[in-house]
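Notes follow the structure.
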Amino acid sequence: MKRIYVNEKWCLACHLCEYNCAFANSNEKDIVFALKDLKINPRIRVEEKNGTCFSVSCRNCKEPLCVKSCITGALSKNEDGLISVNKEKCIHCYTCIVSCPYGAIMQGDDKVVQKCELCTNNQSNTPKCVEGCPNNAIVFEERGE
Amino acid sequence: MNYVIVGNSAAAIGTVEGIRQLDKVGLITIVSKENEHTYSRPLISYFLGGKVLEKNMIYRDKDFYKRTM
């Protein structure tokens with residue numbers, strides 16, 4: 001499946017991916033209305049330490065610990081390998097948040113967990129973080145398993 | 001190879017999913033005392049407390065057995 005990959009050498013830690021993510025998942029048409037005066041809660045986060053930086057979002061693991069640990073079956077992996085959240089079934093136990101080795105699942109605005117679903121769950125057709133990255137530090141491509 | 005699994009909860013479902021990663025054709029039989037679709041045991045207390053609807057008790061989609069086994 002096509003996945004999001006990062007190239008930390010090219011990441012400038014501009015955090016634009018975070019803003020594009022928050023906008024893509026806001027259901028607003030205008031980025032200003034979507035983000036102005038709001039504390040954003042994006043599904044992708046830039047990690048920075050000792051001069052190295054890169055953005056982290058769900059890896060859609062081959063053996064996803066989040067899906068294994070989910071006590072309700074709210075997290076599932078489809079045939080393409082994409083892991084998605086069934087918002088109706090999540091009971092906010094946050095076992096998935098604790099079990100994800102990448103810290104790629106977080107509490108959403110409505111207490112239900114949220115994770116990157118490659119923009120398949122919003123109006124965008126392609127991941128907005130990738131589209132908006134000014135330095136091509138995030139790419140969306142097929143690299144095999 | 002064919003498989004018989006005793007029980008129909010998280011471990012059994014995990015086993016089915018694990019088997020299917022390696023063996024797409026082997027026959028899998030699940031034996032369970034309860035005649036229910038697989039459901040989440042930890043959610044029983046939530047259900048009794050009225051926090052979860054009965055339809056959300058199921059641990060995998062309705063077509064899980066058909067699709068997987």
Side-chain angles (χ1 to χ4, degrees), chain A residues 1-3 58-102 104-118 120-122 142-145, chain B:
Chain A
M1 74 176 284
K2 277 175 96 172
R3 286 185 165 86
C58 175
R59 309 282 84 214
N60 289 294
C61 304
K62 199 177 172 189
E63 294 237 355
L65 293 174
C66 56
V67 176
K68 280 189 184 175
S69 71
C70 179
I71 65 168
T72 68
L75 281 162
S76 62
K77 189 176 166 118
N78 74 11
E79 281 164 9
D80 298 330
L82 176 73
I83 297 162
S84 53
V85 184
N86 180 337
K87 289 189 158 205
E88 212 178 291
K89 289 184 80 176
C90 176
I91 54 156
H92 331 132
C93 72
Y94 303 141
T95 314
C96 53
I97 295 181
V98 179
S99 66
C100 175
Y102 301 99
I105 308 182
M106 62 285 290
Q107 186 181 343
D109 298 329
D110 45 3
K111 280 172 82 178
V112 171
V113 294
Q114 65 174 26
K115 64 178 282 299
C116 168
E117 297 185 26
L118 305 176
T120 55
N121 58 334
N122 58 41
E142 175 82 54
R143 290 188 184 177
E145 285 299 334
Chain B
M1 191 190 281
N2 294 334
Y3 311 85
V4 175
I5 300 168
V6 179
N8 183 30
S9 192
I13 300 307
T15 307
V16 170
E17 289 173 339
I19 289 171
R20 278 293 173 254
Q21 282 182 16
L22 302 169
D23 180 357
K24 306 282 184 206
V25 293
L27 192 68
I28 304 175
T29 306
I30 288 182
V31 181
S32 169
K33 201 174 174 184
E34 295 176 305
N35 189 27
E36 303 288 339
H37 192 279
T38 182
Y39 65 91
S40 168
R41 267 60 174 177
L43 284 189
I44 293 172
S45 57
Y46 289 80
F47 176 61
L48 293 175
K51 290 182 176 174
V52 166
L53 297 173
E54 190 173 351
K55 71 180 173 81
N56 288 336
M57 289 289 287
I58 58 169
Y59 184 57
R60 287 292 182 268
D61 290 341
K62 278 283 181 199
D63 64 346
F64 175 79
Y65 300 113
K66 201 175 167 188
R67 193 164 38 82
T68 320
M69 296 164 59

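Residue numbering restarts at 1 for every chain, and letters A, B, ... go by the order of the sequence lines. On a predicted model such as this, the values are computed, not experimentally measured, just so you know.
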If one checks every heavy atom of Lys55(B) against chain A at 4.5 Å, the contacting part turns out to be side chain
Listed by number, the residues in residues 34-46 of chain B that come under 4.5 Å of chain A (heavy atom to heavy atom) are Ser40(B), Pro42(B), Leu43(B), Tyr46(B)
- Query: So with a 6.0 Å cut-off around CD of Glu88(A), is the heavy-atom count from everything else above 12?
  - Reply: no
Applying a strict 4.5 Å limit to non-hydrogen atoms, the region of Ile58(B) in contact with chain A is both
On a heavy-atom basis, the closest approach of Lys89(A) and Tyr59(B) is NZ-C, 4.2 Å
So, the part of Glu17(B) with a heavy atom under 4.5 Å from chain A: the answer is neither
Ordered numerically, the heavy-atom neighbours of chain A under 4.5 Å found in residues 60-69 of chain B are Arg60(B), Arg67(B)
So, the part of Thr72(A) with a heavy atom under 4.5 Å from chain B: the answer is both
Rounded to the nearest 0.5 angstrom, the CD1-CG distance for Ile91(A) and Asn56(B) is 10.5 Å
